[in-house]
Number of protein chains: 2
Amino acid sequence: MDDSVDRHIARWRGKAPFDERVEAIVTRMQFLVKHLAQAKDSALAAVGLQDFEYETLHWLGARGEGGRATPSELAAELRVSPAGMTGRLDTLEKAGLVRRVRSTEDRRRVDVELTSEGRAIWLKAMDLRGEVEDAMVGVLGPDDQDVLAALLKRMLLRVENPGQA
Amino acid sequence: MDDSVDRHIARWRGKAPFDERVEAIVTRMQFLVKHLAQAKDSALAAVGLQDFEYETLHWLGARGEGGRATPSELAAELRVSPAGMTGRLDTLEKAGLVRRVRSTEDRRRVDVELTSEGRAIWLKAMDLRGEVEDAMVGVLGPDDQDVLAALLKRMLLRVENPGQA
DNA sequence: GACGAAAGCTTCGCTGGCGAAATACCTTTC
DNA sequence: GAAAGGTATTTCGCCAGCGAAGCTTTCGTC
């Protein structure tokens with residue numbers, strides 16, 4: 001059975017020079033990610049959260065109980081510009097899910113931490129998000145998932161360490 | 001060697017219930033796609049194109065010499081809202097890369113086609129984009145690429161045919 | 001100990017995308 | 001043959017993100 005990317009590629013096979021394998025991989029990843037964002041947005045509406053808000057809470061929550069991180073750390077981890085992270089934190093803070101604390105040792109810095117309400121909503125949202133992701137990734141058995149994760153990791157390592165092999 | 005996603009997951013292993021495999025896959029795909037968009041944007045600057053413009057030209061070009069498609073077809077294929085596609089076509093048309101032709105049989109419809117200039121720029125841009133994508137996907141050998149493409153395809157098929165197994 | 005460079009975050013102006021409403025056209029029905 | 005309903009596209013108001021400029025605080029150097 002063909003997916004939309006198969007059809008796309010077949011349509012102009014021979015009409016232009018390019019690598020079909022690479023095209024297929026890249027385009028499919030783009031579509032899957034886009035689908036995820038849209039599906040998660042509608043699922044997360046149940047707790048009044050948007051994808052980008054959940055994502056931010058999620059990485060903050062990963063920091064443990066205290067759940068602290070500086071905006072620039074989060075921006076780097078989430079591949080967002082510093083300005084973009086300021087905006088995200090603004091809305092989260094206004095919603096009372098996150099708190100900004102000026103660091104006392106280095107007063108240029110700001111620490112961000114989850115409020116208890118933020119943590120609660122994050123935990124609730126995790127279930128919803130999990131269902132959407134499972135629905136997509138779940139077509140693959142555990143072994144295939146491991147293979148996929150490993151292949152993606154090799155590409156991400158390259159991207160994160162541009163110098164090296 | 002660990003990538004940022006390994007570190008992320010390790011950081012809160014045991015702190016919350018979730019599927020590590022799924023998390024790793026989803027997060028890596030998101031980062032890779034984000035990286036691609038940013039890297040392609042800077043590469044494509046050489047021909048004065050942005051990622052979304054290239055993407056649109058690309059699917060139009062795939063339609064063959066005539067290169068025609070309606071906005072709604074393109075919107076569906078590229079996972080963009082109809083309103084978003086109108087915006088894309090506006091900028092492309094203003095740049096002279098694309099032409100809108102009102103259909104004569106059904107005057108509700110509009111056909112979009114590449115101008116010759118649009119086709120020329122698309123071909124130039126394809127090389128640049130290819131380099132960026134190859135740099136990422138190229139870490140994998142041909143066999144691994146096939147494996148990856150097949151796994152992604154299984155997920156995309158599920159997404160495109162929600163009813164079925 | 002003072003001054004210039006750098007670090008960390010925010011503000012500002014702009015852009016692409018979304019959903020909802022509006023517009024234009026076609027088709028079916030009575 | 002006029003009204004009702006459906007389809008294709010655009011317009012409108014809004015939002016998150018980006019890059020560049022700006023502000024405050026700290027560091028390095030003499």
Side-chain angles (χ1 to χ4, degrees), chain A residues 30-31 33-42 44-45 48-57 59-60 68-95 97-113, chain B residues 30-31 33-42 44-45 48-57 68-95 97-113:
Chain A
Q30 287 171 336
F31 285 174
V33 166
K34 200 168 246 181
H35 165 78
L36 261 187
Q38 291 169 353
K40 280 159 77 172
D41 257 3
S42 42
L44 289 176
L49 235 46
Q50 286 174 277
D51 189 52
F52 79 93
E53 297 174 305
Y54 170 75
E55 194 193 23
T56 313
L57 292 183
W59 282 65
L60 254 181
R68 301 179 138 242
T70 67
S72 28
E73 282 169 350
L74 286 172
E77 284 177 345
L78 293 171
R79 270 75 175 170
V80 162
S81 72
M85 187 50 65
T86 296
R88 288 190 176 195
L89 295 175
D90 283 350
T91 58
L92 286 170
E93 191 168 38
K94 200 176 300 176
L97 307 180
V98 133
R99 189 169 25 235
R100 274 192 254 231
V101 188
R102 269 227 109 91
S103 163
T104 47
E105 329 126 12
D106 184 342
R107 306 214 352 259
R108 287 172 305 186
R109 295 207 289 137
V110 170
D111 279 323
V112 182
E113 57 186 28
Chain B
Q30 288 171 336
F31 285 173
V33 167
K34 200 168 244 180
H35 165 80
L36 261 187
Q38 292 169 352
K40 279 160 79 172
D41 257 3
S42 41
L44 289 176
L49 235 47
Q50 287 174 273
D51 188 52
F52 79 93
E53 297 175 307
Y54 170 76
E55 194 194 23
T56 312
L57 292 183
R68 300 178 139 241
T70 67
S72 27
E73 282 169 350
L74 287 172
E77 284 177 345
L78 294 170
R79 270 75 176 170
V80 162
S81 72
M85 186 52 63
T86 297
R88 288 189 176 195
L89 295 175
D90 283 349
T91 59
L92 287 170
E93 190 167 39
K94 200 176 299 176
L97 307 180
V98 132
R99 191 170 25 235
R100 274 191 253 231
V101 187
R102 271 228 109 89
S103 164
T104 47
E105 330 128 9
D106 185 341
R107 306 216 348 259
R108 286 170 304 185
R109 295 206 287 139
V110 171
D111 279 324
V112 182
E113 58 186 27

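What's counted below: heavy atoms across the whole structure, side chains too, no hydrogens, waters or symmetry copies. In what follows, chains carry the letters A, B, and so on, assigned in the order in which the sequence lines appear, proteins first and then strands, with residues in each chain numbered from 1.
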Partners of [X] by side chain to side chain donor-acceptor pair (under 3.5 Å), sequence neighbours excluded?
X	value
E93(B)	R100(B)
D106(B)	R108(B)
D51(A)	none

Whole-Å gap separating [atom2] ([N]) and [atom1] ([X]):
X	N	atom1	atom2	answer
D41(B)	dC14(C)	CG	P	19 Å
R109(B)	dC26(C)	CZ	P	11 Å
L89(A)	dA16(D)	CG	P	13 Å
D90(A)	dA16(D)	CG	P	10 Å
R102(B)	dA8(D)	CZ	P	13 Å

Assess the side chains of T56(B) and R88(B): does a donor N or O sit below 3.5 Å from an acceptor N or O? yes
Could you run down the sub-3.5 Å N/O contacts of the protein with nucleotides 16-18 of chain C?
unit_1, atom_1, unit_2, atom_2, d
dG16(C), OP1, Q50(B), OE1, 3.0
dG17(C), OP1, R88(B), NE, 3.2
dG17(C), OP1, R88(B), NH2, 3.0
dG17(C), OP2, R88(B), NE, 3.4
dC18(C), OP2, S81(B), N, 2.7
dC18(C), OP2, S81(B), OG, 2.8

Partners passing salt bridge (Lys or Arg N to Asp or Glu O under 4.0 Å) against E77(B) (at least two apart in sequence or in another chain): R11(A), R63(B)
With sequence neighbours left out, what residues match R99(A) under salt bridge (Lys or Arg N to Asp or Glu O under 4.0 Å)? E113(A)
With sequence neighbours left out, the residues meeting side chain to side chain contact (heavy atoms under 4.5 Å, CB included) with S42(B) are none
Please determine if a side-chain N or O atom of R107(A) lies less than 4.0 Å away from the OP1 or OP2 oxygen of dT25(D). yes
Nearest to the side chain of D106(A), heavy atoms from C-beta on, is which of dC25(C), dT9(D), dT26(D)? dT26(D)
Between E105(B) and T70(A), whichever has its closest DNA chain C nucleotide further toward 5' is T70(A)
Between L78(A) and E55(A), is there a side-chain heavy-atom distance shorter than 4.5 Å? yes
Touch class at under 4.0 angstrom, heavy-atom based, for R100(B) against every strand present: sugar-phosphate
Please enumerate all protein N or O atoms sitting under 3.5 Å from an N or O of nucleotides 3-7 of chain D, with distances to 0.1 Å.
unit_1, atom_1, unit_2, atom_2, d
dG6(D), N2, R108(B), NH1, 3.1
dT7(D), O4', R108(B), NH1, 3.3
dT7(D), O2, R108(B), NH1, 3.4

What residues form a ring-ring contact (aromatic ring centres under 6.0 Å, His included) with F31(A), not counting sequence neighbours? W59(B)
